[in-house]
Every structure is written in structure tokens, then in C-alpha cells.
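Values below: every heavy atom of this structure, side chains too, minus hydrogens, waters and symmetry copies.
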Amino acid sequence: MKKIIALLLAAMMVLSMAACSAEKEESAPVEESAPAAEAPAESAESDLDYVLGKGKLVVGITDFAPMDYKDENGEWIGFDADMARGFAESLGVEVEFVEIEWGNKILELDGKTIDCVWNGMTLTDEVKSAMECSNAYCNNAQVVIVPAAVADQYQTVEACKDLVFAAEEGSAGEAEVLALGYECTAVLAQSDALMEVASGTSDAAVIDSLMAAAMVGEGTGYEDLTYTVGLNSEEYGVGFRKGSELAQKLNEYFAAAYADGSMMAAAETYGVQAAVIAQ
């Protein structure tokens, strides 16, 4: 009997030890492998670094005297062109001018075929929401261009309601005509809008007042045209890619150029000094 009891006690001790061992195994903390070190995120190249790295500022323009146009040697000149050269020089890079379709300016900018839009660009809500814009540097207005022989008939906005207009696609001029509900033919450039009126294809054009002062009337290539009604007042700015530091760099350049007189000297060369905004 004693042997049986001893055997039972031994068996119970073995079972008890096994259970304790199992509990220890279950309660033992599971070792977790250390998390893999995350690779450091690559810092995105800034727009300024991008331009400095390639050594060139690509400027999107159209043929738009007196802001951007070609001289007899085929070189781009004008108030905007001269200022763009000066800005590029201040950055230590070259400048390249690329003629664009105005209606595609935002696509060209975001696609990096150009680095800025610098072409007497009106600071509209659309432009300011899509681009990083400089401070305003010139005042402007959209004006109606008609043959001088009939100008006395179109001295008010209401008097122009039955005219067929031509305006540059995507321009502030086109926006003004469409907002009035008047008929408008979209063309590729403001100079094309003038040709439409000169050829009689359109009754009138809407272009920038600065261009009108240089391009129509006595002593110009369109002596038989004149401007009558102003449709609005607006300001010019330069547009860069959204978030670009180049806009602030240009503001600093504008301030310095205005202070040392070089900005006004360039404006006087092209007859736009009355439109320049103090920086």
C-alpha cells in the first residue's frame, strides 16, 4: 500500500513540474526582432536648385511688343525680355526664351518645358491659384481695337455688343469679351487678333493697352487701327511653378532694380515707364 501511495505522489509531482514548465514557456515574453531602420527620405530638389543645377532659366513668352518681340537680328527684346535677362544674370544662369501658346502656359510650366511665364501676364485668380506669382510690376488694361474710320461708333462697351471680336486664347482679353457675352474668335496671339481686324476677318480685337500703345495708330504697323474702350484695369506679374522660391528671388531683384533705376531705364527704352509699379 505504501508503495502505491509513493508511486501516486511521484506521478503527481512529475505532472505538477510539467505544468509549471508549460506555464513558464507560455508566459515567457516573445522576443521581437528590432524594426528595420527606415531609409532616409530623399530631400526633394527645390525649384531654385533645379534652375541653378541646369544653369539656365527657360522663359515662356509670346510675340507681344513692347514686352517680348524680336529685333532685326531675330533676338528677343522688350521690357520683359530685358528684365528676364537681368534676373537670370543675378542668379548666375543663362536665359532661354521659348515661344508658347498662351492657352497652354500652365501645362508648359508644370511640365517643366519652361521655368516661368514672363510675358505681360495678368494676375487673374486662375493664374494666382495655379502659379507662384511675383509681385505686380506693371499696370495694364484690356482695350477694344477697331478700324480708325469707324472708331466714333464704338466709344462705349454697349456700342460694341454686336461686333465679332478676336482675342488671344486663354488671355485676359478673351475672358473680358466672354464675360460680356459678346461673340469672340480665339486666336493664338494678340498680334494675330490685330491681323484679324486689319484683314476684316473680325470687327474688333481686345488686347493689352501696353501693346495697343506700341502697335496701333500713327507711326506703327497698324496706322488704320485705333483703340477706344477700356474694359478693365489689371496688373502684370511673373508666374513660376507652385511653391517655387524663384518668385521671392524675383521680388528681391525687382526691388533692387527699381531702387537703382535700371528697371525704369528699361521701361523708358520701350515706352512703358508710366505703367511701372513701384517696388
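Taking the ring pair (Phe, Tyr, Trp, His ring centres under 6.0 Å) definition, one finds that Y222 meets it with nothing, sequence neighbours left out.
With hydrogens and angles ignored, the 3.5 Å screen pairs a side-chain donor or acceptor of D68 with a backbone N or O of A81. A distance-only check finds a donor-acceptor pair linking the side chain of Q279 to the backbone of A136 [under 3.5 Å]. Put simply, the side chain of K105 never gets that close to the backbone of M121: no donor and acceptor are under 3.5 Å apart.
The two residues V146 and A151 have their closest heavy-atom pair at CG2-CA, 3.8 Å. Contact detail for N140 and S209: the closest heavy-atom pair is OD1-OG, 3.0 Å. Taking all atoms of both residues into account, the shortest heavy-atom contact from V157 to L231 is CG2-CD2, 3.8 Å. Closest approach of W102 to T62, counting heavy atoms only: CE3-CG2, 3.7 Å. The shortest heavy-atom contact between D260 and A257 is OD1-O, 2.9 Å. The shortest non-hydrogen separation linking E174 to A186 is OE2-CB, 3.5 Å.
Listed by first then second residue, pairs satisfying salt bridge (charged side-chain N to carboxylate O under 4.0 Å, His left out) with a partner in residues 220-247 read D47-R241, D115-R241, not counting sequence neighbours. Evaluation of the ring pair (Phe, Tyr, Trp, His ring centres under 6.0 Å) test over residues 254-279, restricted to residues two or more places apart or in two chains, returns Y137-F254.
By the criterion of side-chain heavy atoms lying less than 4.5 angstrom apart, applied directly or through intervening Ile, Leu, Val, Met, Phe, Trp or Tyr residues, F64 is grouped together with M83 in one hydrophobic cluster. Hydrophobic clustering keeps W118 apart from I277 (ILVMFWY residues linked when any side-chain heavy atoms are closer than 4.5 Å, directly or through intermediates).
Y236 and D208 share a side-chain donor-acceptor pair at under 3.5 Å. A donor atom on one side chain and an acceptor atom on the other are not found under 3.5 Å apart for T124 and T122.
Cation-pi geometry between K249 and F240 is not satisfied (NZ or CZ under 6.0 Å from the ring centre, within 45° of the ring normal).
No side-chain heavy atom of L246 sits less than 4.5 Å from a side-chain heavy atom of E132. Side-chain contact check for T113 versus V98: every heavy-atom pair is 4.5 Å or farther apart.
E158 and K161 are joined by a salt bridge, as a carboxylate oxygen and a charged side-chain nitrogen come within less than 4.0 angstrom of each other.
Under the side-chain contact (heavy atoms from CB on, under 4.5 Å) rule, D203 has a single partner from V197, V150, V164, V144, which is V164.
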